[in-house]
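Quick notes on the structure that follows.
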There are 2 protein chains.
Amino acid sequence: MPLPQTEIPGRLQTQLAERGIRMTGPRRAILSVIETATRHLDASQILRKARTVDASVDRSTVYRTLDLLKRQGLIDELDLMHLNGEGHYYERKLGRDHIHMACLRCGKITEFVSRTFESLKKQLERDCHFHILVARLEVGGYCSACRR
Amino acid sequence: MPLPQTEIPGRLQTQLAERGIRMTGPRRAILSVIETATRHLDASQILRKARTVDASVDRSTVYRTLDLLKRQGLIDELDLMHLNGEGHYYERKLGRDHIHMACLRCGKITEFVSRTFESLKKQLERDCHFHILVARLEVGGYCSACRR
DNA sequence: CGCTTTTTGCGACTCAGTCGCAAGAAGAAG
DNA sequence: CTTCTTCTTGCGACTGAGTCGCAAAAAGCG
Ligand SMILES: [Mn+2]
Ligand SMILES: [Mn+2]
Ligand SMILES: [Zn+2]
Ligand SMILES: [Zn+2]
């Protein structure tokens with residue numbers, strides 16, 4: 001399940017530097033894991049992968065870095081319908097948002113970019129006088145292979 | 001923040017009965033709490049309120065009943081942007097879905113029913129051959145009172 | 001280098017949600 | 001209304017995600 005690439009990858013570090021945020025070994029390890037991920041990772045998977053780069057990285061540093069990236073609007077947090085436990089999944093936030101569809105039978109995650117979704121967000125901002133910082137549309141149901 | 005009422009309330013019990021599901025004291029207590037709720041409740045709030053009806057209700061019965069209602073498609077589970085911890089919120093599922101907007105400054109939850117949202121779901125089902133059972137759109141940002 | 005500020009690892013902790021089990025209640029059938 | 005099966009419950013112990021306070025370490029800047 002490849003993520004739609006609508007921006008030059010590999011620049012999470014730069015984006016943090018531009019905002020005057022300190023760069024450290026553990027952070028570099030975690031950022032590189034998120035940047036090179038080809039699927040949605042949860043915190044413990046990010047920890048495990050980050051440790052292959054810098055073995056000393058701690059679990060709480062992963063959570064703290066994820067918080068930082070969320071606050072900076074550089075990653076999105078997903079539930080993916082809690083198909084596997086109660087944890088959350090993370091992915092880099094790129095140009096336009098996309099929708100996540102989770103198949104409740106086979107677990108497949110499908111991503112979808114939609115112009116209608118973009119209009120809907122604009123409509124919300126206009127009609128509700130709400131300034132959107134993050135929008136998450138997650139759908140559960142049956143994928144094309146699993147529906148009867 | 002009143003919930004949009006697009007169906008006759010008070011019928012959760014009947015809907016379970018129609019599906020041949022056993023009715024018990026604890027269940028009745030929990031269902032009545034959910035049915036009469038005027039805002040989004042988390043599991044521990046549901047437990048506390050249910051205990052005022054039937055003092056013996058246990059925490060795990062609340063979780064088991066919430067699971068049942070989710071599986072039956074009678075309630076929706078929400079994150080509300082995790083403004084207060086990691087728990088989930090529940091609300092009865094009525095005729096049409098609505099969008100939840102959470103203000104990251106004041107915590108206000110705004111609900112919004114949108115025709116565009118309904119079209120978006122139809123479009124998803126058509127274009128992705130995906131059979132939608134549950135759709136959750138949650139937005140975080142600043143409400144009209146809090147935006148500068 | 002020396003100083004200030006931020007970040008880190010660690011370990012202990014909280015809190016949401018789960019599970020196995022034996023006892024209890026629902027409902028169907030007679 | 002009794003019997004029988006099946007489902008549900010309370011309980012208590014448990015798991016796993018995420019948090020926190022702290023003292024040590026590292027970043028960045030002049
Ligand atoms: Mn969640
Ligand atoms: Mn609602
Ligand atoms: Zn599937
Ligand atoms: Zn607000």
Side-chain angles (χ1 to χ4, degrees), chain A residues 12-14 16-33 40-72 74-75 77-90, chain B residues 12-14 16-33 40-51 53-72 74-90:
Chain A
L12 266 182
Q13 275 191 43
T14 313
L16 287 182
E18 280 164 0
R19 291 157 155 93
I21 289 162
R22 281 192 197 172
M23 194 46 49
T24 66
R27 266 182 198 168
R28 256 185 295 272
I30 294 164
L31 297 184
S32 75
V33 168
H40 306 99
L41 302 175
D42 65 23
S44 69
Q45 292 169 323
I46 293 172
L47 173 62
R48 198 153 19 81
K49 283 176 185 266
R51 277 185 164 157
T52 66
V53 181
D54 175 345
S56 73
V57 181
D58 188 74
R59 199 161 43 96
S60 50
T61 302
V62 170
Y63 284 112
R64 288 190 275 235
T65 305
L66 289 173
D67 273 353
L68 172 69
L69 294 169
K70 273 190 272 177
R71 285 196 311 272
Q72 296 292 326
L74 298 175
I75 59 171
E77 184 178 64
L78 307 171
D79 272 23
L80 301 183
M81 286 296 149
H82 290 302
L83 285 179
N84 286 308
E86 295 293 317
H88 292 115
Y89 295 86
Y90 301 90
Chain B
L12 267 180
Q13 276 191 41
T14 313
L16 288 181
E18 279 163 1
R19 291 156 155 91
I21 290 161
R22 278 192 198 172
M23 195 44 50
T24 67
R27 266 182 197 169
R28 256 185 295 272
I30 294 165
L31 298 184
S32 76
V33 168
H40 306 98
L41 302 175
D42 65 23
S44 70
Q45 292 169 322
I46 293 172
L47 173 63
R48 198 155 17 83
K49 283 175 186 267
R51 277 186 165 157
V53 181
D54 175 345
S56 73
V57 180
D58 188 73
R59 199 159 45 95
S60 50
T61 303
V62 170
Y63 284 111
R64 288 191 274 235
T65 305
L66 290 172
D67 273 353
L68 172 68
L69 293 170
K70 273 190 274 177
R71 285 196 311 272
Q72 297 293 325
L74 298 175
I75 58 171
D76 271 330
E77 183 177 64
L78 307 170
D79 272 21
L80 300 183
M81 286 296 149
H82 291 302
L83 285 179
N84 287 307
E86 295 294 316
H88 292 114
Y89 295 85
Y90 301 90

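Throughout, a chain's letter reflects where its sequence line sits, starting with A, and its residues are numbered from 1. Computation of the quantities below employed the complete heavy-atom set of this structure, encompassing side-chain atoms and omitting hydrogens, waters and symmetry-equivalent molecules.
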So where does chain A start and stop touching DNA chain D, 5' to 3', when the test is distance under 4.0 Å to a non-hydrogen atom?
-> D/dA17 to D/dG28
So which one's nearest nucleotide on DNA chain C is more toward 5', B/G87 or B/I21?
-> B/G87
Indicate whether OP1 or OP2 belonging to C/dG17 is found under 4.0 Å from a side-chain N or O atom of B/Y63.
-> yes
Touch check for B/R64, heavy atoms < 4.0 angstrom, all strands: base, sugar-phosphate only, or nothing?
-> base
Yes or no on side-chain hydrogen bond (donor to acceptor under 3.5 Å, both in side chains) for A/E77 and A/Y90, after CA distance, side-chain angles and deciding distance?
-> CA-CA 5 Å; A/E77 184 178 64; A/Y90 301 90; 3.0 Å; yes
Give a yes-or-no answer on whether the side chains of A/D42 and A/H88 include a donor-acceptor pair shorter than 3.5 Å.
-> no
When the nearest nucleotide of DNA chain D is assigned to B/V62 and to B/E86 on a heavy-atom basis, which residue is associated with the more 5' position?
-> B/V62
Mark yes or no for whether A/R59, through its side chain, and A/S44, through its backbone, hold a donor-acceptor pair below 3.5 Å.
-> no
Touch check for A/R59, heavy atoms < 4.0 angstrom, all strands: base, sugar-phosphate only, or nothing?
-> base
Rounded distance in Å - CG (A/N84) to P (C/dG17) = 16 Å
How is B/S44 classified with respect to the nucleic acid when contacts are heavy atoms under 4.0 Å: base, sugar-phosphate, or nothing?
-> nothing
So, for A/N84 and A/Y89, which heavy atoms are closest and what is the spacing to 0.1 Å?
-> CB-OH, 3.7 Å
Could you say whether A/S60 or B/S56 is positioned toward the 5' end of DNA chain D, judged by the nucleotide with the nearest heavy atom to each?
-> B/S56
Could you tell me the separation between the CD atom of B/Q45 and the C1' atom of C/dA16, rounded to a whole number of Å?
-> 13 Å
Before accepting this row, confirm whether a basic side-chain N of the pair A/K70/A/D67 lies closer than 4.0 Å to the acidic partner's carboxylate O.
-> yes
Which sits closer to the 5' end of DNA chain C, B/R22 or A/T65, going by the nucleotide each is nearest to?
-> A/T65
Length of the line joining B/R28:CZ and C/dA26:C1', which is rounded to integer Å | 10 Å
Is a side-chain N or O of B/R27 found less than 3.5 angstrom from the main chain of B/R22, in a donor-acceptor match?
-> yes
